[in-house]
Amino acid sequence: MVNWNNLDTLASYQELLKAERVDLKAVMSGENGAERVKRYSVPMAEGMVYNYAAKAVDDAVLEKLGKLAEEAQLAEKFEELYNGAVINTGEKRLVLHHLTRGQLGKTVEADGVDKRAFYVAQQQKIAEFAGKVHAGKITNAAGERFTTVVQIGIGGSDLGPRAIYLALENWARKHDTLKMEAKFISNVDPDDAAAVLNSIDVAHSIFVLVSKSGTTLETLTNESFVKDALKNAGLDASRHMVAVTSETSPLAKSADYLEAFFMDDYIGGRYSSSSAVGGAVLSLAFGPEVFAQFLEGAAEEDKLAMNKDMLQNPAMLDALIGVYERNVLDYPSTAVLPYSQALSRFPAHLQQLDMESNGKSVNRFGERVGYQTGPVIFGEPGTNGQHSFYQLLHQGTAIVPLQFIGYRNSQLDTDVVIQGSTSQQKLCANVAAQIVAFACGKEDENRNKYFEGGRPSSIIIGDQVNPKSVGALLSHFENKVMFQGFVWNVNSFDQEGVQLGKILAKRVLAHETDGALKEYSDLLNI
């Protein structure tokens with residue numbers, strides 16, 4: 001039987017609070033530092049590894065984290081989730097994003113259908129549609145092929161698919177699988193839509209409108225912006241638009257769209273990249289075969305998350321070390337630092353994934369929790385970040401745990417040798433150096449040049465950014481966030497915190513304001 005208990009009621013957590021702290025600087029600088037790097041490493045899917053040698057943990061702390069994993073029943077709760085339990089208690093819904101890439105357990109039925117079969121059918125429908133677009137069987141009114149796909153969505157309908165597209169765009173060019181260039185419109189700021197529309201040939205563009213409910217204000221506003229642009233160009237908007245929505249939304253059977261692909265209430269926006277939300281735009285951009293490879297990588301990483309042994313389960317281990325840093329070491333934030341320009345928007349996606357999921361102050365039963373939950377997530381690609389905020393990370397008063405991501409090889413295999421090394425070697429040299437610099441610091445009599453060290457980090461290392469490895473990386477972080485939510489006993493699958501501002505904005509637009517809200521509205525000339 002699965003029990004849902006607050007973190008501070010667990011005996012293993014009380015043991016963890018009493019555990020002797022690890023002197024990270026000493027263990028990484030000492031004679032066993034090299035051995036530690038070799039030993040504290042866990043295989044991931046697609047040849048990647050999660051290395052946590054530069055985290056402030058040792059075997060004693062890891063043993064207590066293992067006990068916490070068992071007492072919190074993390075493996076059992078994941079099993080409940082993928083077998084179709086109502087894990088999203090706030091909205092009384094199942095949580096099924098794992099089913100979009102594979103069947104981990106029992107057949108899950110909801111709404112009278114096999115949900116895995118439903119998701120596969122949507123993928124096949126998207127693949128067939130994309131194939132017809134690429135073959136010139138679906139064209140604009142003049143019989144000309146579409147060359148650009150534009151996703152219109154916000155939040156999870158934008159951040160994940162955009163991050164994945166950017167991650168794979170150059171890989172696709174190299175492997176001759178870039179079928180269509182993709183653009184994204186998300187912000188209700190008219191300058192966003194205008195900038196995208198000014199950068200494309202609308203006559204040869206197909207637009208993917210993503211809204212589960214069919215009522216999302218920002219998305220429908222941007223749709224109208226796009227339709228107006230198409231009309232002004234003398235084009236029939238219905239020949240240029242497809243919808244990704246629920247089967248019950250007003251968009252589902254509208255004549256305004258060439259086709260509609262379906263999602264459901266069991267997949268939250270920030271977990272929807274492997275559903276039709278990501279599937280439509282990515283299949284049109286790269287071809288359905290590439291999207292299938294992405295799903296395959298995610299499915300393989302999902303299987304590793306089923307392992308009950310924390311030390312063989314990279315997502316669970318990463319999650320528990322994060323809990324230790326948040327709730328025992330009291331570190332309030334985490335920096336995600338991909339040493340790959342291809343992953344330039346991946347930290348932005350993880351901001352939503354993590355902070356929207358676990359930025360909660362009440363437990364699954366609506367009761368206030370007495371401990372910290374999700375950290376603040378931020379990040380930029382290296383080496384750009386090194387010339388930006390690393391100053392604070394190295395010598396600031398706050399310690400920020402770091403999550404590096406690095407690859408042995410570049411995507412394009414285009415490089416130069418300068419001063420005896422390639423650009424990729426310089427990139428990798430920088431990430432290796434940063435890990436050691438943060439952990440070990442530097443002694444100096446000049447306090448301005450003194451580095452305290454003891455600043456923890458982990459790194460995920462892969463061979464190359466490609467469809468399978470990106471899928472595996474996405475799965476790792478989705479499962480990490482899930483496991484942390486289980487430990488904190490919060491509902492990681494709703495997002496009530498985004499609603500209040502939307503409600504007040506509607507009041508402003510209806511001119512139903514008073515007090516401070518009216519004054520701010522007047523200042524902005526609304």
Side-chain angles (χ1 to χ4, degrees), residues 6-8 10 13-14 16-19 21-25 52 54-57 61 64-65 68 72 159 270 315-338 346-363 367-380 382 385-386 388-405 434-435 437-439 441 451-460 476-478 480-492 495-498:
N6 283 3
L7 173 62
D8 54 7
L10 303 180
Y13 174 61
Q14 301 305 323
L16 202 58
L17 290 172
K18 299 172 185 175
R21 305 294 170 85
V22 174
D23 185 338
L24 178 61
K25 183 174 182 177
Y52 57 101
K55 288 290 191 181
V57 298
V61 171
K64 291 177 173 57
L65 288 175
L68 178 59
L159 288 164
R270 57 196 176 276
M316 185 186 291
L317 179 58
D318 194 1
L320 286 160
I321 292 174
V323 169
Y324 179 66
E325 291 174 333
R326 188 76 178 100
N327 298 101
V328 178
L329 302 182
D330 200 27
Y331 299 149
S333 58
T334 296
V336 179
L337 310 169
F346 200 69
H349 170 58
L350 293 187
Q351 284 179 339
Q352 186 200 15
L353 174 65
D354 203 313
M355 295 168 72
E356 195 168 80
S357 294
N358 291 337
K360 310 290 174 63
S361 57
V362 299
N363 67 13
E367 303 160 341
R368 185 88 182 183
V369 297
Y371 45 83
Q372 300 295 332
T373 57
V376 173
I377 304 293
F378 69 96
E380 282 289 330
Q386 292 177 201
S388 175
F389 52 81
Y390 277 37
Q391 168 63 48
L392 183 148
L393 300 183
H394 274 294
Q395 293 184 308
T397 55
I399 292 180
V400 178
L402 316 166
Q403 192 127 38
F404 291 102
I405 305 168
Q434 289 294 334
I435 293 170
F438 279 115
F451 289 73
E452 185 178 35
R455 311 222 163 189
S457 69
S458 62
I459 182 168
I460 293 172
H476 173 87
F477 283 103
E478 287 181 349
K480 173 189 176 179
V481 167
M482 172 193 70
F483 283 131
Q484 288 185 330
F486 289 163
V487 174
W488 288 319
N489 198 28
V490 299
N491 178 11
S492 301
Q495 57 283 333
E496 292 299 326
V498 305

> Pro338 and Pro347: which non-hydrogen atoms are nearest, and at how many Å?
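The pair with the smallest heavy-atom distance is CD-CG, 3.8 Å.
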> Tell me, with the steps shown, if Tyr324 and Val57 meet side chain to side chain contact (heavy atoms under 4.5 Å, CB included).
CA-CA 9 Å; Tyr324 179 66; Val57 298; 4.1 Å; yes
> Do you know which two heavy atoms are closest between Ala56 and Leu329, and how far apart they sit?
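Ala56 and Leu329 have their closest heavy atoms at CB-CD1, 4.4 Å.
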> Determine whether the side chains of Asn358 and Thr373 contain a donor N or O and an acceptor N or O closer than 3.5 Å.
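There is no such pair between these side chains.
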> Are the side chains of Val336 and Gln351 in contact, using a 4.5 Å heavy-atom criterion?
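In short, these two side chains do not touch, never coming nearer than 4.5 Å.
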> Answer whether the closest heavy-atom distance between the side chains of Ile460 and Phe477 falls below 4.5 Å.
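Answer yes - side chains close enough.
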> Measure the spacing between CG of Asn489 and CD of Glu367 and express it to the nearest 0.5 Å.
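Nearest 0.5 Å value for the CG-CD distance: 8.5 Å.
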> Taking atom OG1 of Thr334 and atom CG of Leu402, what is their separation to the nearest 0.5 Å?
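Rounded to the nearest 0.5 Å, the OG1-CG separation comes to 8.5 Å.
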> Quick check for you: to the nearest 0.5 Å, what is the distance between Leu392 atom CG and Thr397 atom OG1?
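That separation rounds to 7.0 Å.
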> Mind checking whether Glu380 and Leu337 have side chains closer than 4.5 Å, heavy atoms only?
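Glu380 vs Leu337: side chains apart.
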> To the nearest 0.5 Å, what is the distance between NZ on Lys480 and OG on Ser357?
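OG of Ser357 is found 12.0 Å from NZ of Lys480.
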> I'd like to know whether Val362 forms a side chain to side chain contact (heavy atoms under 4.5 Å, CB included) with Val490, so could you lay out the CA-CA distance, the side-chain angles of the two residues, the decisive distance to 0.1 Å, and finally the verdict.
CA-CA 7 Å; Val362 299; Val490 299; over 6 Å; no
> Trp488 and side chain to side chain donor-acceptor pair (under 3.5 Å): which partner among Asn363, Asn327, Asn6?
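Checked Asn363, Asn327, Asn6 against Trp488; only one passes side chain to side chain donor-acceptor pair (under 3.5 Å): Asn327.
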> When you check the gap from the basic side-chain N to the acidic O, do Lys360 and Glu496 get nearer than 4.0 Å?
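Not counted as a salt bridge, because no side-chain N and carboxylate O are separated by less than 4.0 Å.
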> Should Met355 and Val376 count as side-chain neighbours, where that means a heavy-atom distance under 4.5 Å?
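The answer is yes; the side chains approach within 4.5 Å.
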> Taking C-beta and beyond as the side chain, do His394 and Gln434 meet within less than 4.5 Å on heavy atoms?
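Counting from C-beta outward, His394 and Gln434 do come under 4.5 Å.
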> Looking only at heavy atoms, what is the nearest atom pair of Pro375 and Ser333, with distance?
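Nearest pair, atom of Pro375 first, then Ser333: CB-CA, 4.0 Å.
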> For the rings on Phe389 and Phe378, is their centre-to-centre separation under 6.0 Å?
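Between Phe378 and Phe389, which both carry aromatic rings, the centre distance is below 6.0 Å.
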> Using side-chain heavy atoms (C-beta onward) and a distance below 4.5 Å, is Leu68 in contact with Leu7?
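Contact flag for Leu68/Leu7 side chains = yes.
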> Do you know the tightest heavy-atom contact between Pro401 and Lys55?
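Shortest heavy-atom separation between Pro401 and Lys55 comes out as CB-NZ, 3.9 Å.
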> Got a second to check how far Gln352's CD is from Glu356's CD, nearest 0.5 Å?
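Here the rounded value is 4.5 Å.
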> Can you list everything that forms a salt bridge (charged side-chain N to carboxylate O under 4.0 Å, His left out) with Asp354? Sequence neighbours excluded, please.
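Partners of Asp354 under the salt bridge (charged side-chain N to carboxylate O under 4.0 Å, His left out) test: none.
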> How many angstroms lie between atom CD1 of Ile399 and atom CD of Glu325, to the nearest 0.5 angstrom?
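So the gap between those two atoms works out to 10.0 Å.
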> Side-chain contact test, heavy atoms from C-beta onward, threshold under 4.5 Å: evaluate it for Leu353 versus Phe346 and give yes or no.
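Not in contact.
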> Could you check whether any side-chain heavy atom of Phe483 comes within less than 4.5 Å of a side-chain heavy atom of Val481, counting everything from C-beta outward?
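Contact flag for Phe483/Val481 side chains = no.
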> Taking distance alone, no hydrogens or angles, what donor-acceptor pairs closer than 3.5 Å link side-chain atoms of residues 452-459 to residues at least two apart or in another chain?
from   : atom 1 : to     : atom 2 : distance (Å)
Glu452 : OE1    : Arg455 : NH2    : 3.2
Arg455 : NH1    : Leu393 : O      : 3.0
Arg455 : NH1    : Gly396 : O      : 3.2
Arg455 : NH1    : Ala398 : O      : 3.3
Arg455 : NH2    : Gly396 : O      : 3.0
Ser458 : OG     : Gln403 : NE2    : 3.4

> Evaluate the criterion side chain to side chain contact (heavy atoms under 4.5 Å, CB included) for residue pair Tyr13 and Val328; output intermediate values, then yes/no.
CA-CA 9 Å; Tyr13 174 61; Val328 178; 4.2 Å; yes
> Please find the pair of heavy atoms, one from Ile435 and one from Ala54, that lie closest to each other, and give the distance.
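Shortest heavy-atom separation between Ile435 and Ala54 comes out as CG2-CB, 3.8 Å.
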> Go through the structure and list residues passing salt bridge (charged side-chain N to carboxylate O under 4.0 Å, His left out) with Arg326, not counting sequence neighbours.
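With neighbours one apart ignored, the set is empty.
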> Hey, mind stepping through Leu320 and Val487 against side chain to side chain contact (heavy atoms under 4.5 Å, CB included) and telling me if it holds?
CA-CA 8 Å; Leu320 286 160; Val487 174; 4.0 Å; yes
